[in-house]
2 protein chains.
Amino acid sequence: MMSAAEQEAGRRRRGRRTVNSELGPAGVDTLLAASIEVMSEHGYHGTSVRDIAHRAGVSPAALYHHFPSKHDVLVTIMDRGIEELLERTGEALSAAGPRAIDQLCGIVDVHVRFHLEDQHGTMLGTSEVRALAEPFRGEHLAKRRKQQRFFDRVLLGGTREGVFHTAYPRDAARAIVVMCTGVASWYRPEGPHSRTEIARRYQELALDLAGRRIG
Amino acid sequence: MMSAAEQEAGRRRRGRRTVNSELGPAGVDTLLAASIEVMSEHGYHGTSVRDIAHRAGVSPAALYHHFPSKHDVLVTIMDRGIEELLERTGEALSAAGPRAIDQLCGIVDVHVRFHLEDQHGTMLGTSEVRALAEPFRGEHLAKRRKQQRFFDRVLLGGTREGVFHTAYPRDAARAIVVMCTGVASWYRPEGPHSRTEIARRYQELALDLAGRRIG
DNA sequence: ATCGTAACTGAACAACTGTTAAGGAGCTCG
DNA sequence: CGAGCTCCTTAACAGTTGTTCAGTTACGAT
């Protein structure tokens, strides 16, 4: 007969392989990865603590060793996500230099790549804001507005610079963010185009939306 | 002491006023309207049958007089929505005539207006596809692809016609749909712009995405 | 060897879930 | 009148929910 410890170790290993490809501290990170997988498929309310635990290969109670509540798991995922996006966007903006065209290409590249690489996490992030309780909801929305303002500034700057000719820079900025965010909901890794190619195309589409004249 | 009938009538009247502004058959339509309101706020799984019934001013069991299940309520809402969108899009396309520019303006106008007028319903429609069970999910996705194909055809047609110059007509078509669908998630009736004005602007943005040259 | 602690377990909790059963009020029609 | 129908009720059902609790195991430090 197999000992409880052997059973348990086996279960954990299996859990790790599914979610985490065999390494890592297997605690918080495994649970977060499992949560992202299963929540992005069925939504926050459509996912039970037992679903998460089963996917992670642990018991339901194990989740409460690492997080105070199911809600806190969501908060952690959403906050890590938006924070990384903000950081990467800021970096891209610094690296782009002073020209609005370069800036727009830079932040669109980051935005698209981020939503392609962390497809499930970002889908959670965009669809489950409503599941956040206050004050986390308010804080998260503030960070989203901050991210939006990056795009607003680039569009308005380019308009003043005279390189963007759209009559509605704010609407164009919002449209660009929405369209780049949207890639997470249709992208399939087995599709015909590489992530790099998709990012390149969206830079072009964003420039069109900004009203860059050809010539 | 108030009779049960009086209590009940009062409750129903209150329910109607909240949801339906006092008229209508108060049965199926009231329940659907209540479902759209509360489900668009908390999502399908975040909404209980008791939540819906309470908003509609009836008992939880009343829902099962009109629908076989909670899931069927969602199916009804989503199907009515996509069917009306398809119909309106088809009409707009016929009314637009042969030129791709007019066609694009027509279907963008319909798409934006539809998502502004039925804001809550369309938000449900875009976010809760995952809550649909088979075979309804498959059927609904087929209708969504049909709607997408309207835009694909217009973009490809305009490219062949030589009036649209985007290098990526299919990506542009998807981006246009996504950006028009997105209005439902940020629009507030008390905002600075009328629905007509927003629709007009999005026609402009769509033409930019399509790569219509100025001049 | 023993202590401490991090990581986890199975079993239980009350609350809530979708759904059903049985019945009553109000209406129309013969 | 009363049969039949629509629309709705209260009360209950079994299953699931998030969460807690008391205990167990693995393991590095003393």
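Labels below follow one simple rule: chain letters A, B, ... track the order of the sequence lines, proteins then strands, and each chain is numbered from 1. Because only heavy atoms are used, hydrogens play no part in the values below, and waters and symmetry mates are left out as well, while side chains stay in.
- A sub-4.0 Å separation between OP1 or OP2 of dT17(C) and a side-chain N or O of H45(A) is absent.
- In this structure, of dT19(D), dT19(C), dC8(C), it is dC8(C) that holds the atom nearest to the side chain of A62(A).
- Distances from the side chain of R50(A) to the nucleotides dG18(C), dG18(D), dA11(D) place dG18(D) closest.
- The distance between atom CE of M39(B) and atom C1' of dT17(C), rounded to the nearest whole Å, is 13 Å.
- OP1 or OP2 of dC7(D) sits under 4.0 Å from a side-chain N or O of H65(B).
- In this structure, the nucleotide among dG18(C), dC21(D), dA11(D) sitting nearest to the side chain of A61(B) is dA11(D).
- In this entry the distance linking NE2 of H42(B) with P of dC16(C) reads 15 Å, nearest Å.
- For V49(A), the listed nucleotide lying nearest its side chain is dT19(D); candidates were dG18(C), dT19(D), dT9(C).
- Regarding F67(A), its CZ atom lies at a distance of 15 Å from the C1' atom of dG18(D), rounded to whole Å.
- For the pair Y64(A) OH and dG10(C) C1', the computed distance is 16 Å after rounding to whole Å.
- Ion pairing between E83(B) and K143(B) holds under the 4.0 Å rule for side-chain N and carboxylate O.
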Check against ring-ring contact (aromatic ring centres under 6.0 Å, His included), H111(B) and F151(B): CA-CA 10 Å; H111(B) 207 79; F151(B) 283 80; 5.3 Å; yes
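- The shortest distance between the side-chain N/O atoms of S59(B) and the OP1/OP2 oxygens of dT10(D) is not below 4.0 Å.
- A salt bridge is absent between E41(A) and R130(B); no separation between the charged side-chain nitrogens and carboxylate oxygens falls under 4.0 Å.
- By the 4.0 Å N-to-carboxylate-O rule, R55(B) lies too far from D51(B) to be salt-bridged with it.
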